[in-house]
Amino acid sequence: MTSTTPDVSTPAGIIRLCNAFCDAKALLTAVELDLFTTLHAGPATEEQLKDKLALHGRGLGDFLNLLTALGLLEKEGGVYRNAPGADQYLVTHLPAYVGGFMHRANNNLYPAWGRLTEALKTGKPQAEGDFEQVIANPKVLGQFIRMMDALTQVLGPQLLEAFQWSEFKTMLDIGGCRGNMASQIVKANPGLYGHVFDLPPMKPFFTEHMANLGLTDRLEFHGGNVFHDDLPTADLVVLGHILHDFDRDHRKRILQKAAASVNPGGTLLVYDRMLDEDPRHVENLVISIDMLLVSDGGSEYPAEEVREHAAEVGFTEFFSKPLGDYDTLVWCRKP
């Protein structure tokens with residue numbers, strides 16, 4: 001799917017595109033202020049929101065009207081309420097909440113994009129801190145996990161519909177964070193037992209999440225480093241939104257190690273914001289530049305790269321299809 005962009009054949013369209021970062025920052029700030037959760041409790045006037053959110057007041061009306069113009073709020077008679085999408089996806093305590101991604105974007109990605117010129121000149125990441133610092137700080141790690149949950153919460157139902165799960169007895173989600181995607185899969189497939197492999201600091205978050213979901217007897221956590229530690233074997237091995245964190249050589253190492261953990265006759269499944277020959281896929285190109293800004297060598301990649309690396313280790317059947325709005329799903333069968 002391609003993103004809609006302004007008509008850049010006109011000065012007005014070019015300037016509108018230039019100002020698109022302002023729209024994004026308005027959304028990120030509204031999530032930071034927890035505006036949508038506040039309005040979920042009931043509509044409010046500008047003055048009421050000023051008090052509820054402890055704001056100065058100057059610029060607040062314009063801010064609320066901008067969010068209304070962007071389709072995030074609705075306004076009637078001086079009273080604001082959440083638009084349907086914001087009320088479903090941007091209220092903190094609701095299950096479909098995707099604001100974790102917004103917090104991560106606001107705190108990490110937005111500042112890094114301000115240093116894009118430096119990244120292009122040096123090839124070096126620009127985000128403050130590295131992932132070692134993220135996992136060392138439980139609060140920051142929690143923000144990262146909520147970002148990942150936001151993505152898997154949206155993609156999970158689409159993945160369940162896009163693939164046939166019933167033939168498998170065991171699955172392994174490599175880099176599965178606290179098991180949010182794996183939990184959706186095993187809940188929908190009663191005969192499936194799941195494993196999640198990720199860095200050891202993820203384990204307490206996994207344990208708490210599985211206890212809340214009542215899935216402690218159907219999902220098991222394995223802590224380790226994918227480059228150095230053994231992986232559990234399974235009929236189905238999943239790599240989702242993981243390979244793009246690394247350069248091509250490291251992607252090959254991860255993919256081929258994952259392939260080795262697939263049981264004979266099993267399947268390796270990969271989904272990511274993959275690139276193709278169409279240069280208009282704005283969203284996936286943006287994500288690929290995200291990886292430039294936050295990782296040492298990461299980028300998005302074409303589906304053909306997955307097939308190439310899997311074929312080198314004996315996989316013989318390859319399939320791919322679009323997944324959701326922006327992802328591509330590739331699966332490879334082992335003889």
Side-chain touch [X]/[Y], heavy atoms, less than 4.5 angstrom:
X      : Y      : answer
Asn82  : Leu73  : yes
Leu72  : Phe36  : yes
Thr328 : Asp276 : no

| request: Show the numbers, then the answer: is there a side chain to side chain donor-acceptor pair (under 3.5 Å) between Thr37 and Asp34? | output: CA-CA 5 Å; Thr37 302; Asp34 215 8; 2.7 Å; yes

Residues [X] and [Y]: side-chain donor-acceptor under 3.5 angstrom:
X      : Y      : value
Tyr97  : Gln153 : no
Asn65  : Tyr80  : yes
His250 : Asp247 : yes
His222 : Asp230 : no

| field | Verdict with reasoning, Lys121 to Glu118, per salt bridge (charged side-chain N to carboxylate O under 4.0 Å, His left out) | value | CA-CA 5 Å; Lys121 286 183 175 181; Glu118 184 68 15; 5.9 Å; no

| Donor-acceptor pair, side chain of Lys334 and main chain of Asn263, under 3.5 angstrom |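 Side chain of Lys334 to backbone of Asn263: no pair is present.
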
| query | Hey, is the main chain of Gln126 close enough, under 3.5 Å, to the side chain of Arg115 for a donor-acceptor pair? | reply |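 Here the side-chain-to-backbone pair exists.
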
Pairwise distance [atom1]([X]) to [atom2]([Y]) - rounded to 0.5 angstrom:
X      : Y      : atom1 : atom2 : value
Glu46  : Asp62  : CD    : CG    : 8.5 Å
Leu268 : Leu255 : CG    : CG    : 5.5 Å
Leu55  : Glu47  : CG    : CD    : 11.0 Å
Asn108 : Leu293 : CG    : CG    : 9.5 Å
Cys177 : His241 : SG    : NE2   : 12.5 Å

| query | Can Val306 and Leu239 be said to form a side chain to side chain contact (heavy atoms under 4.5 Å, CB included), step by step? | reply | CA-CA 11 Å; Val306 176; Leu239 285 167; over 6 Å; no

| field | Closest heavy-atom pair and its distance - Leu199, Asn225 | value |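 Here Leu199 and Asn225 meet closest at CD2-CA, 4.5 Å.
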
| Ring centers of Tyr271, Phe163 separated by less than 6.0 Å |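 No; Phe163 has its ring centre 6.0 Å or more from that of Tyr271.
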
| said: Quick check on the 6.0 Å ring-centre criterion: do His244 and Tyr301 meet it? | reply: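 Ring-ring flag for His244/Tyr301: false, centres at least 6.0 Å apart.
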
| request: Using a strict 4.0 Å threshold on nitrogen-to-oxygen distance, state whether Asp229 and Lys257 make a salt bridge. | output: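 Looking at Lys257 together with Asp229, the answer is no, because their closest N to O distance does not fall below 4.0 Å.
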
| field | SB check Glu76 Arg81 (cutoff 4.0 Å) | value |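 A salt bridge is present here (some side-chain N lies under 4.0 Å from a carboxylate O).
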
| For His56, does the NE2 atom have more than 12 heavy-atom neighbours from other residues, nucleotides or ligands under 6.0 Å away? |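 Counting other residues, nucleotides and ligands, NE2 of His56 stays at 12 neighbours or fewer.
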
| task | Test Trp331 against every option in Phe318, Trp165, Phe319 by the ring pair (Phe, Tyr, Trp, His ring centres under 6.0 Å) rule and name the one that passes. | result |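 Considering Phe318, Trp165, Phe319, a ring pair (Phe, Tyr, Trp, His ring centres under 6.0 Å) with Trp331 is found only for Phe319.
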
| task | Begin with the C-alpha distance, continue with both residues' side-chain angles, and end with the deciding distance and a verdict on side chain to side chain donor-acceptor pair (under 3.5 Å) for Asn284 and Glu300. | result | CA-CA 7 Å; Asn284 288 4; Glu300 297 300 343; over 6 Å; no

| query | Where do Met202 and Arg178 land on the side chain to side chain contact (heavy atoms under 4.5 Å, CB included) test, with the steps shown first? | reply | CA-CA 6 Å; Met202 298 289 185; Arg178 67 168 183 164; 5.9 Å; no

| field | Verdict with supporting geometry, Leu160 and Asn189, side chain to side chain contact (heavy atoms under 4.5 Å, CB included) | value | CA-CA 9 Å; Leu160 285 169; Asn189 296 274; 4.0 Å; yes

